[in-house]
Structures are given as C-alpha cells and as structure tokens.
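Taking it in order: structure first as structure tokens, then the write-up.
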Number of protein chains: 2
Amino acid sequence: MANRKATRIIALADALAARRVLHLKDAAALLGVSEMTIRRDIADNPGLFGYLGGHIVPAADIDADAPYDLAREADSHATAKREACVHAARHIRPDETIFIDCGTTLEYLVDLIPENYSITAVCYSLNVADRLTRRPNARIVMLGGVYHPSSASFSGNSGLETLNHLGINVAFLSAAGVDPARGATCVHFHEVPVKQKVISLARESYLVVDKSKIGKLKPAFFAPLTAFRAVITEGGEAALSVLEAPSG
Amino acid sequence: MANRKATRIIALADALAARRVLHLKDAAALLGVSEMTIRRDIADNPGLFGYLGGHIVPAADIDADAPYDLAREADSHATAKREACVHAARHIRPDETIFIDCGTTLEYLVDLIPENYSITAVCYSLNVADRLTRRPNARIVMLGGVYHPSSASFSGNSGLETLNHLGINVAFLSAAGVDPARGATCVHFHEVPVKQKVISLARESYLVVDKSKIGKLKPAFFAPLTAFRAVITEGGEAALSVLEAPSG
DNA sequence: CATCATTTGTGAGAAATATCACAAATGGGG
DNA sequence: CCCCATTTGTGATATTTCTCACAAATGATG
C-alpha cells in the first residue's frame, strides 16, 4: 500500500533527475496517476521535490538552505562585484592560464571570459569550478584538499604542491579586507598559503574587490598591496597610492 | 533608454543570485515596474532567466543543457543504482573514512549516509562533491587535478599523491563494465590510476553497479573482481562466483 | 471475505497566471 | 523643442493552476 506510493516517489525523483523540470500534467501522465496524486506526493516530500507554479523541480534547485555558506552573502554588493570583474576580465588573454580565487566576487569573472578564448583556469573552490564547467573552451585545474564550507574551497599540501607544476600567467585574487597600510586580508586562514603561493608564482596578480572591502582589516593577512599589479574595483583599476575608504 | 532596461536586468539577475527563486509579483515590486515589464525582461533574456509558472529562476537551474555529460545518462537505471547504493550504504560505519568513486551510480550513496554519522568522504568528482556539501556531518576531501567533463572528475599526480596521506576504511568503486573473467572496466583511462591506488590502499573495497553493467567489457581495465570484498547490485551483494549476465 | 485505515480520483468554484492590443511615457537625434 | 523609435503600463479576456470536499478504490488485517 505504502509500497505503491514509495515506488512512484522514486520514479518521480528519477524522472526529475533526468529532466530537471517536469510539468505537473506530464508527471501525472508519465506515472499514470491523477494530478492530484502528484500534488500530494510533492507536498509530502518537501525535501525531495520543489514546486513552482505547475512545475516540479529538484528541491536542491530552489532550496533556500544554502549549499554553502556563501549563498547568504551572495547578494551583497553583487552589482559592484560584477562590475569589478568586467574590468578584471580585460587582463584575460587567449591561450593563457589564469588563477581564480575563491569567494563570490570572482565567480562573476568566469562568465566574462570571452566565449572564443580557450584558456586554462586554476581554481580551488566548488562554486568557481561549477561555473567553469559550463564553459566549453576552458580547461579546468582544481587544487584539491580538505573542504571548507565557509568558502566552498579546498586546502591542503597536495593542492599547494600542484601549483609547482603549473605556469600561471594571470592570477585574480580576492580579499575580505583591503587596508592601505597593512594590505590584503581574508577571513579564513586556510586560504592564506594558497593565495601566497599563487602570488609568488604568477606572472601578474590582480586584487579584485568591491569598494566596500577597502579600509577593512580581517584576521588573516596574505599580501601587501605592492604584491599586485593593481587593485581592481567597480570603479576600475585603482593606482595603489590613491586608495581610500569609500565615501559612504 | 536601453540603459534603464540593462540596469534593471542586472538588478534582477542579482536579486535572483541571492534568492534562487523570485516571484513575478515580488520582482515587479522590488524593481518598481509592472509585471508586464518583468515578463518581457525574462522573455528577452532566455539565457539568463528561467521562468516557471509565475516564478523566476536562474536559467542554469532549469537549463536542459547539461552542465556535465553525466546528466544525459542520469536517468538510465536510476532506480537500480539507487537500490544498489542502499545495499552498499550498510558498509558505512560512523567516524570512518570512505572513498566514493565518480559516476552517477555512487551519487545516490551520499544521500544514504545516515544523518547522524560523522564521516570523512574522499572523492574526485564534482557531482559527488556537490552532494557531499549538503551533508552537515561530512568532512570532504577532494582529489584535485585536471577536469574531465565526461565524468565530471579530476585526475592528476597530486590527487594520487594525496591518497598517500589518507587512511581509507571503505572504498566504493563503480564500473561501466563487469566481466566475470576479465574483471572491472571503465570508459575513461584517466580514472584508472585513481581507482587502482584506492583499491590498493583501502581496507575494504566494494564494486557498486547496476546489473546492466554485468557482462559488459569497456576499454579501460582497472581491477579483477577478486580485488573486491563483494560486487553490490540492486539485488544485493553477489558472491563473485555467482555472477552472471542479466536475464533480460 | 468482511472491515477499516489509507490512498487515490473527480469535479466545481476560486484564485492566479498568460496573452493581447492599445495607450502612455521615455530618451535620443535633429 | 519636436519627432520618432522604443519601452512601459493598463485592462479585459482566456487559460491554467489551486483548493477542497466527497466518492471510489486499494491493501492490510483478522
């Protein structure tokens, strides 16, 4: 009795895994039951199914529960971040290797890589890697290690070791704080070794942040501003000497 | 003129990035325009926005274009795969370290890890890693390297090197072909070194496949069946000597 | 095989969304 | 400052989805 229902739920989940979206009507037809039954199945399994105006989707796709902590901060300064990345993207050249730091800021950079450029992108976070997989012409190198949910990134000796085998033309770094005197800082200490090694190995490094980060100081220091060719914000490339706290 | 529209589109994309789902009505209120305008914005940017019965979602969430090639095969034998994983999950013990192979089969295993078990999971593919991030009690170790879209996995020397530093209690391997005589084979050669090293290091290894794989032979050989404690299918654990081609 | 709890189907009215045509507003160019 | 192309708003109508109550069917149990 409950057997029939359980089987149907599994079949529905399977169909959804394949299709990503399923119309209520189609689902009913597919499983040979009424729309009402499908409605109830969905309502009974909120962890499995999401439902949007007649369409069934995987719960994961619309789940407000953040898969990583990142999502909570995703909205703040999104426009500024995107604009900063537009400026940063001008330093990407075809057939070169770039490094993309973790965090939400540089996620936008991935979508701004020109379609026809074939590049190699080095990353160490899931959100950046996910975005990169959608780009047909990108070769992706992931630095592995132990996962840190706070930044959706990985860290470990083997990841650092991998960097020894790579030639990085341009590195795009991000920071949670940019202090004119102290330099670039971030929140999580595990990111520091990766950032530092990348900066030391890459031909050119750029710090990409929205202006809200300027003037802030966070616990983990990773580089003086002189380590970067430029600091790139939504206003463009700032000469290092001109940096100042945001007006607001 | 087109300026206003472009600004609004970006704002909408930003709001969506934060919320994952946005009701048409809310979007209209948020941006201070009519629902009709939002409708048109969405229709004009099919690459950016998806739309399902009154709700705006990121296009990526409902895009039929597979992020990885995996998705195309995702539906086939899904129920059998899930059932095989149910049997496999009985070998997971709390506070231990498990290895999860790439492919769609073992993705299901992640969801079957008991909620209250705190485990360490070693993986080398994006789809498995993604699922693991949704589990609060899992420590995740990712083997890095160069990305292979065909299996959404990474391979490289540093990933192999990482394995030397790990103690794996139970390894769950998958295969595209299981031949009683020849053993376990897969399609992609780059997976072979990882699988072999894992088998050699783990205390126990299990081969988890749906029955459709039995009798098949694929290009890349990675282990004889004697390397595994058992072959686990939707029918349960098969004694190695009893393996035979599926009846259908 | 009769009983009971659960699951499933149906239909009608209520609510929401979709579509369209036309009017109003906006911004750039002469 | 006027004109024109584009963008935006409004309201009516058509379509779809939602909710609910009740009837029918199902499967387990004694």
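All chains are named by letter (A, B, ...) in the order of the sequence lines, taking the proteins before the strands, and each is independently numbered beginning at 1.
With sequence neighbours excluded, the residues that form a side-chain contact (heavy atoms from CB on, under 4.5 Å) with A:T97 are A:T120, A:V122, A:I168, A:N169. Legend: residues meeting side-chain contact (heavy atoms from CB on, under 4.5 Å) with B:V86, ordered by chain and number and at least two apart, are B:L112. For B:H148, the ring-ring contact (aromatic ring centres under 6.0 Å, His included) partners two or more places apart in sequence, or in a different chain, are B:H190. Every side-chain contact (heavy atoms from CB on, under 4.5 Å) that B:V57 has, sequence neighbours left out, goes to A:L52, B:V21, B:I62. Every residue two or more places apart in sequence or in another chain that forms a side-chain contact (heavy atoms from CB on, under 4.5 Å) with B:A175 is listed here: B:V178, B:A184, B:L207, B:V209, B:F222.
A heavy atom lying under 4.0 Å from DNA chain D marks the following residues of residues 28-42 of chain A, by number: A:M36, A:R39.
Between D:dT17 and A:K25, a contact under 4.0 Å exists linking OP1 or OP2 to a side-chain N or O. Phosphate proximity of D:dT17 to A:H23: present, with a side-chain N or O under 4.0 Å from OP1 or OP2. Between A:Y51 and D:dC18 there is a side-chain N or O to OP1 or OP2 distance below 4.0 Å.
Sequence neighbours left out, the pairs with a member in residues 28-57 of chain B that pass salt bridge (charged side-chain N to carboxylate O under 4.0 Å, His left out) are B:K5-B:D44, B:R8-B:D41. Residues in residues 90-106 of chain B take part in these salt bridge (charged side-chain N to carboxylate O under 4.0 Å, His left out) pairs, two or more places apart or across chains: B:R93-B:E96, B:R93-B:E204, B:D101-B:K195.
For the helix from C:dC1-D:dG30 to C:dG30-D:dC1, the rotation axes defined at the first and last 5 base pairs enclose an angle of 30°, given to the nearest 10°.
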